[in-house]
Asker: 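Dumping the structure here so I can ask a few things about it.
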Amino acid sequence: MIKTISTTPYGDQKMGTAGLRKKSQTAMQPNYVENFMQSIFNTIGKLDDKTFLVGGDGRFYNDIAIQKIIKMAAANGVKKLVIGQNGFISTPAGSNVILKNKLDGGFVLSASHNPGGPNGDFGIKYSNQTGGQVPSSVTDKIFENTKNIKEYKICDTADIDLSKLGKQQLCGMEIEIIDPVSGYVDMMREIFDFEAIKQLFAKGFTMRFDAMNAVTGPYAVRIFEELLGAAPGSVVNAVPLPDFGGLHPDPNLVYAKELVDLMFSDNAPDFGAANDGDGDRNMILGKKFFVTPSDSLAILTDNFHLIPAYKNGIYGVAKSAATSTAVGRVAQARNIGYYEVPTGWKYFVNLMDSKRITFCGEESFGTGSAHIREKDGIWAVLFWLNIIAATGKSVEEITLDHWQKYGRSYYMRFDFDGLDTTVADKLMADLEAALPKLSGKTFNGYTVSDAAPFIYNDPVDGSSTKNGLVIKFSDGSRIVYRLSGTGSSGATLRVYLEKYEVEKLREDPQQTLKQILEVAMNIAEITPRTGKLQADVIT
Ligand code: VG1
Ligand code: CO
């Protein structure tokens, strides 16, 4: 039943910030998924003692791709696959399954926060035994393999029934279908004070959680409504749909519009949150109040002692370079380690494995801890609920307290989408070349103190990564430029702005950052080069 099929390479199967991400139509081309998976199997080598996790966020084409992966794993001699029931598992739940059961890695079929459907995106995230996505040294090898692939192996059988929990066999490979929710829920119960949060809801606390028709619906209903007692209906868009019901499952102020409108209305519940397609991102809102992800990371870190799992202390904390420096002030005050890494969760993995950090986060609505090796949307929501339950304060009060204690980093991100790749690459190259000449110059009253590419030297494996360009000003303000590595067509330029204030704590970020935005646009010549007068998405 095992067949060897000849194939020809596609030249574009390079993984980006988080796995392979392509238009569904691209991924649906003959042998596209097969070539990519065979290249991974070839790169791993010995497979007869290996067990992998397989699951996904339920998006369009996952059902077909997952069957291909199962049949190919069997034909390639993989020992065992652990598969989420009906092919579902969130990225954080998948990381937990790998770690807890000491698996050799896994495949989560998701393009994360990108839209799904026949005209949306498809993706595959590949993790190793750490439970985190493989480092660039591995993705490079896989890419090389995809460029030379000549054949793949597949077991020629009928599709596997993924609805039936328990064990089965396929072409000599063991398959175990698991409930994707229960193990994750058990882990959350061990970390947080469920009793305290339950009492909070019992006293009438209200929340809305928007699962955006993606993978977290079943997790959120189980945890928030069934276990913690949030009112039925608190979780909305709770049934995962292949096209996310037309939603763009990116939990930010632009795409989670329904939730944002409610939270800024007079009918707002006490607390609002949303997750992305694969459940690793989170957005936190209070009544008429938005918490930036950078502030959220700083606030969670400063309140670690309120959470049962962390009350005895934490190692350090890390953030991506583009994320605001707010958490750095907490790290300093708390006297814990502090690391800045390139964008992408995979860079946190070595720091967690070597016990250098406990918490980490990114400005892109990602927060997490060393309980797993991926960011974790529901974890962040529970962390906030636990702080609220422990302090009796609202989201706004908690955030204001934080700013009063540490000052506030006004922070915004501006995305310029759909750029011509050549134009975007040239903009970055020219800007990088111009950086040395910027030092000491003043723009709109801001004097450049330092301008250089961000370079990360991993303290564990010694690898060096360059990602993004950073301009620092003498008052602590910063501009970071980088190109997105998760898009499926064209280029996206991201411009991240930050300004630190100790006294003016309640200004409008857009106003506060207006001058710096102008500087950022001018220095990089964004309008003349791209034709864009303003950003497409502002978060
Ligand atoms: C974006 C974010 C980055 C995040 C990545 C994956 O990458 O900026 O912080 O880690 O998405 O998120 P980029 O290269 O487009 O800026 V997800 O929710 O895929 O796992
Ligand atoms: Co995601």
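Order of listing sets the numbers, starting from 1, for every ligand and every atom in it.
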Asker: Just to verify, which of I98, L99, L103 counts as forming a side-chain contact (heavy atoms from CB on, under 4.5 Å) with N101?
Answerer: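 It is L103; the other options fail the test.
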Asker: Look at D278 together with K375 and state whether they make a salt bridge at an N to O cut-off of under 4.0 Å.
Answerer: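 Salt bridge between D278 and K375, a charged N being under 4.0 Å from a carboxylate O: no.
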Asker: When you check the gap from the basic side-chain N to the acidic O, do D121 and R21 get nearer than 4.0 Å?
Answerer: no
Asker: Indicate yes or no: does R373 engage D353 in a salt bridge with an N to O separation below 4.0 Å.
Answerer: yes
Asker: Contact residues of ligand 1 with a heavy-atom cut-off of under 4.0 Å?
Answerer: T17, A18, R21, S112, H113, K125, D276, D280, R281, T343, G344, E362, E363, S364, K375, R413, R482, S484, G485, T486, R494
Asker: For the pair R413 and D415, find out whether any cationic side-chain nitrogen is under 4.0 Å from an anionic carboxylate oxygen.
Answerer: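 Counted as a salt bridge, because a side-chain N and a carboxylate O are separated by less than 4.0 Å.
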Asker: Using 4.0 Å as the upper bound for N to carboxylate O, is an ion pair formed by K68 and E34?
Answerer: yes
Asker: Distance below 2.8 Å from the Co ion (ligand 2): how many protein N/O/S atoms qualify?
Answerer: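 Excluding waters, the total comes to 4.
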Asker: Going by ring pair (Phe, Tyr, Trp, His ring centres under 6.0 Å), name the residues that satisfy it together with Y496, two or more places apart in sequence or in a different chain.
Answerer: none
Asker: Run the side chain to side chain donor-acceptor pair (under 3.5 Å) test against K147 and tell me which residues pass, sequence neighbours left out.
Answerer: E144
Asker: Determine, for R59 against D243, whether the closest basic-nitrogen to carboxylate-oxygen distance falls under 4.0 angstrom.
Answerer: no
